[in-house]
Amino acid sequence: MDTYINIYIERERDRGFGFFLTELSDYNRSGSNLKVEDNPELYFGPKIFRSSLHLIGSARVKKDQMRSFQSMLNYFPEEVLEHVFDFLTSHRDRNAVSLVCKSWYAVERFSREKVFIGNCYAISPDRLIARFPRVRSLTLKGKPHFADFNLVPHDWGGYVQPWIESMVKGGVNLEELRLKRMLVSDESLELLANSFPNFKSLVLVSCEGFTTDGLAAIASNCRFLRELDLQENEVEDRRGQWLSRFPDSCTSLVSLNFACLKGEVNLASLERLVARCCNLRSLRVNHAVPLDALQRILAQAPQLVDLGTGSFVHDPDSESYNKLETSMQKCTSITSLSGFLDVTARCLPAIYSICRHLTTLNLSYAPGIYSDELVKLICHCNKLERLLVLDTIGDKGLGVVASTCKELQELRVFPSDIYVVGNASVTEEGLVAISAGCPKLNSILYFCQQMTNAALITVAKNCPNFIRFRLCTLNPTVPDAVTMQPLDEGFGAIVKSCKGLKRLSVSGLLTDQVFLYFGRYAKQLEMLSIAFAGDSDKGMLYVLNGCKKLKKLEIRDSPFGNVALLADMGKYETMRSLWMSSCEVTLGACKTLAQKMPKLNVEIINESDQMEDSVDDKQKVEKMYLYRTLVGPRKDAPDFVWTL
Amino acid sequence: MAKDAGLGLETELTLALPGGGGGDPNGSMETKQKKRVFYEFSGEESTKVAIKNQVVGWPPVCSYRLKNSFSGEEGTKIYVKVSMDGAPFLRKIDLSTHEDYSGLLMALEKLFGCYGIGERDNSEYIPIYEDKDGDWMLVGDVPWQMFSGSCKRLRIMKRLDAKGIKLHAEDLLKGISMEA
């Protein structure tokens with residue numbers, strides 16, 4: 001197939017040598033093809049260059065003409081190429097560029113500083129460092145997504161230790177490490193803290209295995225630490241005063257988030273730390289930081305842009321509270337607010353003054369704020385772009401959001417009580433109201449009591465711009481609340497209308513028909529989550545055949561079996577991973593797949609003792625997780641994980 | 001969880017089927033079969049009760065959020081002042097340590113020695129509370145969760161001070177304004 005690249009060759013007047021900027025938009029990324037749209041208005045590069053650039057010419061080059069183009073390229077030294085690639089920050093752009101030709105591959109790999117690994121078992125640390133020796137920032141993801149819902153045992157894998165060890169051995173100048181769903185030990189954190197003198201940024205999301213002792217090592221040894229961001233991790237508290245371990249010389253912090261920690265922190269140390277870090281932009285504290293301490297902190301840090309409160313409980317008639325209100329008013333830069341881990345609703349008016357600047361508001365961990373108080377708060381937030389709330393907001397509250405938050409792009413509504421349904425929750429009405437009132441909406445996560453096809457069809461019409469659409473009915477197989485029909489037509493309308501949809505989670509009563517729609521219309525879909533849906537293998541086949549850009553497919557409790565699994569085995573090499581649990585897939589079929597596709601790891605998670613004796617190929621597999629890999633079966637799999 | 005608190009309350013929240021008995025024929029959780037039906041709604045009562053067969057991982061709320069929002073192990077502490085008529089000083093109790101009214105009333109009995117406070121007709125003492133609107137309410141009318149979310153302070157009143165007013169939980173008279 002052909003490769004087309006638009007090249008705009010420009011000369012920077014004052015400096016007198018040529019840059020060229022490649023415009024690479026609208027990729028067709030199946031295989032190694034690059035397809036580019038004509039759009040002379042778009043450039044990569046900072047504006048500062050644009051003003052002094054003149055367009056000399058443009059070249060549209062076919063792949064088989066690449067050789068002559070090569071010689072044209074060779075006129076420009078590699079430093080120029082490298083400089084151009086600097087403008088390419090997304091790893092997808094860089095991956096695409098590296099496939100154009102060998103010299104681009106070489107230039108790109110030496111210049112890449114940020115590497116993203118979506119599955120830590122797809123590649124080995126040594127091979128990574130060999131290809132990208134100048135890596136400074138590494139992002140790694142470990143466990144499959146369904147691990148979030150307790151479907152994956154804790155010691156399944158995803159250890160960061162070998163990665164850190166390899167980077168130490170390889171002399172990597174690591175500055176940033178971002179991990180998601182990985183197992184991180186204190187030993188790993190200590191090694192990290194002691195091995196990389198320029199280490200600046202640690203972001204841990206949904207990780208576990210470490211304690212506050214590991215954090216103490218980071219605090220005390222990373223001299224230039226800018227960012228310590230802990231999101232939703234399980235961290236054991238060792239009561240070791242880790243926060244006090246930041247030395248007095250540490251003034252470099254820009255972002256500190258310890259909201260997920262359960263234990264106490266030394267409040268005086270925290271206040272002193274905030275006072276000396278004048279570049280601090282983001283601070284999220286945990287529940288052990290009371291409101292009066294928050295007030296003292298805010299008084300020291302009025303420059304904050306992102307604030308996560310701890311406990312927001314106090315007597316609103318007290319002087320402390322009044323002081324807080326005053327301090328809040330001085331924080332005119334806060335655009336993102338979260339926390340309220342304990343909250344007295346009557347203390348909320350203290351934040352009204354900053355509401356009108358807020359673009360992000362996360363109240364999803366704030367129990368006991370009733371709909372009225374939520375509404376009173378949201379009425380002040382007309383610049384809101386991102387809102388996370390509990391379903392206590394109710395349909396009425398969502399109506400207020402719809403009429404107030406015209407800039408809203410992302411909404412997440414979480415269930416407030418999953419054990420008893422019917423008290424406070426939202427229905428299709430709230431969703432429809434939001435879709436009608438918020439034209440910029442592109443991302444939604446919505447836990448609701450019920451849904452209808454009519455509502456989804458209306459939502460699809462109102463909001464054709466969804467990139468992420470995740471709907472979760474509290475009863476996973478509930479039909480249309482009015483017609484009692486499956487929700488096939490509703491979700492079908494969503495995928496038909498939202499041509500840019502990349503991520504989709506469905507629920508409710510669904511037949512094979514909905515998957516027919518997905519295969520036919522969801523052409524940009526990259527991630528699909530299915531539970532308790534479908535009637536037969538046909539459903540899964542529609543998706544595998546039609547969704548060309550599918551990267552991650554996760555299915556639970558659905559009647560898809562061997563026929564669907566084995567129909568197009570090559571498809572899985574174009575995807576990152578496939579998860580199937582409580583489906584109809586048998587051990588024999590998994591073995592067949594593993595045998596025929598050596599570049600896939602097919603793992604079976606088997607937690608019961610039964611399968612040891614009866615290795616019966618006809619037996620259904622409880623949990624299967626397969627993923628493409630360049631390095632074969634992993635060596636750290638625990639006993640209950642069989643790689644076939 | 002379905003306890004009668006001695007105030008004649010009917011606690012609505014229960015994890016059992018109304019009328020007790022019968023089961024959802026498809027709802028067996030141990031099997032590997034397709035699980036299609038999950039809920040039985042008791043439509044008769046004004047409060048809907050859903051009986052959830054505990055499916056692992058549904059609804060798909062991430063485990064961190066589950067542990068920190070719902071279980072209440074390290075939950076919100078709700079300290080409220082408790083005054084008793086005639087007592088020289090007030091006490092404080094944590095409402096979050098109790099799951100229902102009977103627990104609360106037992107705790108009050110222990111604090112003040114106001115025995116019999118839970119009994120409907122015999123007690124010398126009546127528990128009332130100030131809610132978030134500033135009104136004084138009789139303890140026991142609303143579901144426990146709603147009460148603990150809106151209670152600002154408690155007062156143990158002497159029955160003699162409220163002559164002529166029916167004072168048991170089924171009574172819909174509310175908003176007895178008191179000079180506290």
Side-chain angles (χ1 to χ4, degrees), chain A residues 145-151 206 208 231-234 260 262 287 311 313 341-346 364-370 373 390 414-423 447 449 470 472-478 505 507 509 529 531-532 534 556-559 581-584 620 622, chain B residues 1 12-15 26 29-43 45-81 95-96 132-134 143 145-146 148-150 152:
Chain A
H145 175 234
F146 274 359
D148 283 352
F149 317 128
N150 292 324
L151 290 177
S206 300
E208 57 185 344
Q231 299 175 32
E232 305 193 346
N233 303 289
E234 289 295 330
C260 64
K262 301 187 196 105
H287 75 95
S311 170
V313 176
L341 306 169
D342 294 339
V343 57
T344 305
R346 293 180 306 131
S364 65
Y365 285 106
I369 306 183
Y370 290 104
E373 287 127 357
L390 294 173
F414 293 97
S416 55
D417 190 342
I418 63 170
Y419 298 116
V420 177
V421 170
N423 286 334
F447 285 83
Q449 195 177 325
R470 297 161 67 186
C472 178
T473 54
L474 294 173
N475 174 347
T477 54
V478 71
S505 301
S507 59
L509 186 64
S529 307
F532 306 98
R556 61 168 291 186
D557 295 274
S558 301
S581 61
S582 304
C583 296
E584 306 285 312
K620 283 190 207 153
E622 189 53 42
Chain B
M1 294 231 333
E12 302 86 338
L13 303 179
T14 169
L15 291 176
N26 292 343
M29 283 308 105
E30 294 93 323
T31 67
K32 294 175 186 174
Q33 285 153 15
K34 240 166 35 184
K35 305 167 186 64
R36 303 296 287 192
V37 180
F38 290 89
Y39 281 70
E40 306 262 332
F41 276 88
S42 67
E45 267 117 50
S46 50
T47 51
K48 287 189 214 151
V49 173
I51 300 89
K52 195 174 212 80
N53 289 316
Q54 298 280 302
V55 183
V56 173
W58 197 271
V61 177
C62 74
S63 51
Y64 172 84
R65 187 174 283 279
L66 276 181
K67 285 182 198 161
N68 289 284
S69 302
F70 305 122
S71 68
E73 272 176 26
E74 279 113 354
T76 323
K77 286 205 186 331
I78 313 169
Y79 279 106
V80 296
K81 290 184 191 170
L95 292 180
S96 68
K132 55 188 170 75
D133 297 324
Q145 291 288 357
M146 202 186 285
S148 64
S150 60
K152 269 167 45 182

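Lettering of chains follows the sequences in order, A, B, ..., and the numbering in each one begins at 1. Just so you know, these numbers come straight off a predicted model, no measurement behind them.
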Does any backbone or side-chain atom of [X] lie under 4.5 Å from a heavy atom of chain B? Answer side chain, backbone, both or neither.
| X | answer |
| --- | --- |
| A/Ser364 | both |
| A/Gln231 | neither |
| A/Glu232 | both |
| A/Phe146 | neither |

(request) Mind checking the CD-OG spacing from A/Glu208 to B/Ser63? Nearest 0.5 Å is all I need. (result)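 Those atoms lie 7.5 Å apart.
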(request) Identify which of A/Ala147, A/Ser505, A/Cys472, A/Ser529 forms the greatest number of heavy-atom pairs closer than 4.5 Å to chain B. (result)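 Of the candidates given, the most pairs with chain B belong to A/Cys472.
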(request) Show your reasoning for whether side chain to side chain contact (heavy atoms under 4.5 Å, CB included) applies to A/Cys260 and B/Tyr64. (result) CA-CA 9 Å; A/Cys260 64; B/Tyr64 172 84; 3.3 Å; yes
(message) Under a 3.5 Å distance rule, please check whether B/Arg65 uses its side chain to pair with a backbone N or O of A/Tyr365 as donor and acceptor.
(response)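 No; judged by distance alone, with no hydrogens or angles, the pair does not exist.
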(message) Donor-acceptor pair, distance only, cut-off 3.5 Å: does the side chain of B/Trp58 make one with the backbone of A/Asn475?
(response)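 Absent.
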(request) For the pair A/Glu373 and B/Lys132, evaluate side chain to side chain contact (heavy atoms under 4.5 Å, CB included) and give the outcome as yes or no after the intermediate values. (result) CA-CA 11 Å; A/Glu373 287 127 357; B/Lys132 55 188 170 75; 3.9 Å; yes
(request) Check side-chain contact (heavy atoms from CB on, under 4.5 Å) between B/Ser148 and all other residues, then give those that pass, not counting sequence neighbours. (result)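 For B/Ser148, the residues satisfying side-chain contact (heavy atoms from CB on, under 4.5 Å) (neighbours in sequence not counted) are B/Ile78, B/Leu95, B/Trp144, B/Gln145.
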(request) Considering non-hydrogen atoms only, spot the tightest contact between A/Phe447 and B/Pro59 and give its length. (result)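 That would be CE2-CB, 3.9 Å.
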